[in-house]
Structures are given as C-alpha cells and as structure tokens.
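As the structure is a computational prediction, the values presented were derived from the model and not from experiment.
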Amino acid sequence: MSGIKIITTSTVRKVLKYEELIPAIERCLVKYSRGKIQQPVRSTVEVEKYEGYIAIMPAYDKEEDTFAMKVVSLYPNNGENGLPTHAATILYMQARTGLLLATMEAEVITDMRTAATSAVATKYLAPDNAKVLAIFGAGAQAKSHFYALNHIHMFEEVIIWNRTTSNGKKLCEEISEHCKSVRFCSSAEEAASKADVIVTVTLSTTPILYGRWLKDGVHINSVGGCRPTWREMDDECMNQCELYVDSREGALKESGDIIMCQPKKSINGEIGEVIDGRCKVDRNKKTIFKSLGMAIEDVAAAHLVWMNVNDE
C-alpha cells in the first residue's frame, strides 16, 4: 500500500471546482455516446434486512486512458438516525498497470459531478429565458445543484420545496447570499407551476411531481428515483415531456420513472448525442433529463482531483 494517496473530503472540496468540472463532464458525456467509454451498468446488491443498497461502478476512458471504480451505498433510513443516507469511496487506478494510485472520499465528488451533469443537461435542454428554478429536496444534492446550475445560468428566483419544512428553510438560508431571491414553498404544486427549470433530488419512491402542474417549455432534471421501483414523476409528467437520459442502457434497467411509465415512454436521446449535434432538441417543448449517474462521471471528477492534488 506504500505510496497510495488517501484523499479526504476536505481536500476534494479544496481542489474540485465547477469551472473545471462542468466542461469535463460535458466532454465525458459526449465520449460515452460516441462509444469511447468502457462502462458496465452498475452492479447493485440489495441489503434487504436494512433496506439498503450497495453499488459498484467502474469505468475506463479510452481517450484519456483513465480508470476508476466507485463503491457507493444508499441507505434511505439512515437519515432518521442522523446518519448520511449515502456513502462513497473512489479507487483511482493507473490504467496502464491496474495499480491503485489513490483512494478518495467520494460523497462530495458524487454530489458535484451529479449536479454538474444536470447543469450540462440544463445548458442544452432548458429554455434560454429561464428565470425561475425550483428544487425539490433539501439535502446535499439540492445544495450542489443550486451552485452548479447557477454557475451556468443566473436565475431571478429560486424556490425550494421539501417535505420537512425546517430542512427546506435551512437550505434557503444557506444559499440566500448567492441568489437575488430564494424562498421556501410549502406547496409542491405552486413551486412546480412557477418554474422554468425543476430539479428533483429526493429519496421518494412515489411521485412528487405531477404533469398537471407543469408550465409550457419547462425543463426537468430528475435525479432521484434511481431504483427500478422508485418514482419521482407521474405518468402524465413523463408523457408530456421529451425524454433525454445519460445512458439508454442504464435508464432502461434502473429508472422506475421510465420502467413503470404507462404507456411505455420512448427515449429521445442521450444527452451526449444532444451535445454532439446528432440529436436535435426543440427547447420550446417540455423536456426531462433523467439522470441515473454514470461511473465515467466519477472517473472525470476523480481525474481532476488527482491532477489538482499533484499540482499543489
């Protein structure tokens, strides 16, 4: 184990910045859709006794010659005991030899790369004149999505909805100095109906966003609902919108919003195909970006961390 770097959360916070991360994620999404990434759908083990999940996510970037693997756990009930619902570690390895170069505490990496991916999708799918952002959820992903999306677009108003009012109001206080107008809204319907861009980052297993609430031209980044039996959006919401995903293969196996939708919902394209110009988008239509999270996003983020740590 000699020479292996242990990169902690505090170091990740110091060296990983959205101005580098968002372009890196955009590039890796294009490479994935061009077949330049070797990546299986994540392998998941269900720990039924504790209603938890453990997933393994490896990927190799053939162009950058970078490889990493993330081990991530999801235990939704942890929050009731004051524990994190997610925990993650990235093994960053030398592709040429397979030797381990570094272990990285990956909760912040996961939050930031997921939000950066939503920012890229918003850049290409949302209406140009978007003024109001609504975020459903108040956890770490909600906060990271606020910062990432505001890095690419300055919204005039941000609305936070969360089932637990105290948590929603706390998030509003934390981000208020970075936004002209931010407020907590106790009504999910009101929050959705006013929004030009909606982000859903919840652990809900049943829909919390309904199609009858949506305004014309709205763009939705759906980040929760990451299991085949979990949903954040109802059928009407799904069927009103043009659907884009990070990975067709992953979405069709993992997304309850897609798998359970009736009638069966077709995928318009991967976001990498949109960026690449192979898939055309009408930004006046309602759109959904269904984000399941891909291992190659972790590779791209971990490589930035590795390079920046070694430049210090």
Side-chain angles (χ1 to χ4, degrees), residues 7 9 11-34 36-37 39 57 59 61 63-64 66 68 70 88 90 92 104 106-128 130 133 135 137 140-155 158 175 178-179 196-201 219-223 244-247 250 269-277 279 281 283 287-309 311:
I7 300 176
T9 294
T11 299
V12 172
R13 291 186 191 279
K14 179 181 176 182
V15 303
L16 190 60
K17 306 298 179 184
Y18 282 118
E19 52 263 35
E20 289 185 318
L21 180 60
I22 291 173
I25 293 295
E26 184 170 332
R27 291 191 297 271
C28 83
L29 292 169
V30 172
K31 285 186 284 187
Y32 176 81
S33 292
R34 288 178 177 175
K36 303 295 185 182
I37 303 298
Q39 171 190 285
M57 302 171 62
D61 185 328
E63 289 190 353
E64 297 291 331
T66 50
K70 183 169 76 176
I90 289 176
Y92 183 78
M104 302 181 186
E107 288 83 4
V108 170
I109 291 176
T110 301
D111 291 342
M112 291 184 67
R113 63 78 154 156
T114 305
T117 304
S118 294
V120 172
T122 302
K123 175 182 173 182
Y124 286 93
L125 299 177
D128 290 327
L133 168 65
I135 301 176
Q141 283 284 0
K143 188 188 298 187
S144 64
H145 272 75
F146 167 79
Y147 288 115
L149 266 65
N150 275 273
H151 190 83
I152 64 157
H153 184 89
M154 293 301 295
F155 294 92
V158 176
I175 65 177
H178 302 285
C179 182
D196 301 301
V197 175
I198 300 172
V199 173
T200 57
V201 280
H219 169 63
I220 302 165
N221 295 301
S222 174
V223 180
Y244 301 89
V245 298
D246 45 14
S247 160
E270 292 177 345
I271 192 63
E273 296 170 336
V274 173
I275 300 166
D276 210 19
C279 180
V281 175
R283 297 173 73 149
T287 57
I288 293 170
F289 172 60
K290 184 61 201 180
S291 173
L292 273 303
M294 297 198 297
I296 194 56
E297 298 162 10
D298 297 309
V299 175
H303 183 59
L304 283 177
V305 171
W306 174 255
M307 297 299 290
N308 288 337
V309 165
D311 281 346

Given Arg113 and Asp298, is the side-chain contact (heavy atoms from CB on, under 4.5 Å) satisfied, shown in steps?
CA-CA 7 Å; Arg113 63 78 154 156; Asp298 297 309; 2.8 Å; yes
Is the closest side-chain donor-acceptor distance between Tyr32 and Ser247 under 3.5 Å?
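The criterion, which ignores hydrogens and geometry beyond distance, is satisfied for Ser247 and Tyr32.
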Check whether the side chains of Ser33 and Asp276 place a donor and an acceptor atom closer than 3.5 Å, and report yes or no.
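Short answer, no.
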So, do [X] and [Y] sit near enough that their side-chain heavy atoms are less than 4.5 Å apart?
{"X": "Lys290", "Y": "Ser222", "answer": "yes"}
{"X": "Leu133", "Y": "His153", "answer": "no"}
{"X": "Thr66", "Y": "Tyr92", "answer": "yes"}
{"X": "Thr117", "Y": "Ile22", "answer": "no"}
{"X": "Tyr18", "Y": "Ser144", "answer": "yes"}
{"X": "Ile220", "Y": "Thr287", "answer": "no"}
{"X": "Glu270", "Y": "Asp246", "answer": "no"}
{"X": "Ile7", "Y": "Val309", "answer": "yes"}

Could you tell me which non-hydrogen atom of [X] sits nearest to which non-hydrogen atom of [Y], and how far apart they are?
{"X": "Ala302", "Y": "Met104", "answer": "O-CE, 3.3 Å"}
{"X": "Ala142", "Y": "Gly137", "answer": "CB-O, 3.4 Å"}
{"X": "Ala115", "Y": "Leu149", "answer": "O-CD1, 4.2 Å"}
{"X": "Leu292", "Y": "Gly250", "answer": "CG-O, 4.5 Å"}
{"X": "Asp111", "Y": "Ala140", "answer": "OD2-CB, 3.3 Å"}
{"X": "Ala126", "Y": "Val197", "answer": "CB-CG2, 3.9 Å"}

Assess the residue pair Asn221 and Thr200 against the criterion (side-chain hydrogen bond (donor to acceptor under 3.5 Å, both in side chains)); give the C-alpha distance rounded to whole Å, side-chain angles, the decisive distance to 0.1 Å, and a yes or no.
CA-CA 6 Å; Asn221 295 301; Thr200 57; over 6 Å; no
When rounded to the nearest 0.5 angstrom, what is the spacing between [atom1] in [X] and [atom2] in [Y]?
{"X": "Glu273", "Y": "Leu29", "atom1": "CD", "atom2": "CG", "result": "11.0 Å"}
{"X": "Trp306", "Y": "His303", "atom1": "CH2", "atom2": "NE2", "result": "10.5 Å"}
{"X": "Thr9", "Y": "Leu16", "atom1": "OG1", "atom2": "CG", "result": "11.5 Å"}
{"X": "Ile25", "Y": "Ile271", "atom1": "CD1", "atom2": "CD1", "result": "12.5 Å"}

Check ion pair Asp61-Lys36 (N to O, under 4.0 angstrom)
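Looking at Asp61 and Lys36, the cut-off is not met.
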Does the ring center of His219 lie less than 6.0 Å from the ring center of Phe289?
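Between Phe289 and His219, which both carry aromatic rings, the centre distance is not below 6.0 Å.
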Would you please name every residue forming a side chain to side chain donor-acceptor pair (under 3.5 Å) with Ser118, sequence neighbours left out?
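Partners of Ser118 by the side chain to side chain donor-acceptor pair (under 3.5 Å) criterion, ordered by chain and then number, come out as His145.
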For the backbone of Val201 and the side chain of Gln141, can you confirm whether one donor and one acceptor N or O come within less than 3.5 Å of each other?
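The answer is no, because no donor-acceptor pair under 3.5 Å joins these two groups.
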Classify the angle between the aromatic ring planes of Tyr147 and His178 as parallel (below 30°), tilted (30 to 60°) or perpendicular (above 60°).
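Ring orientation, 0 to 90° scale: perpendicular.
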Using the salt bridge (Lys or Arg N to Asp or Glu O under 4.0 Å) rule, collect all pairs that involve residues 20-29, keeping only residues at least two apart or in two chains.
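Listed once each, the pairs are Glu26-Lys123.
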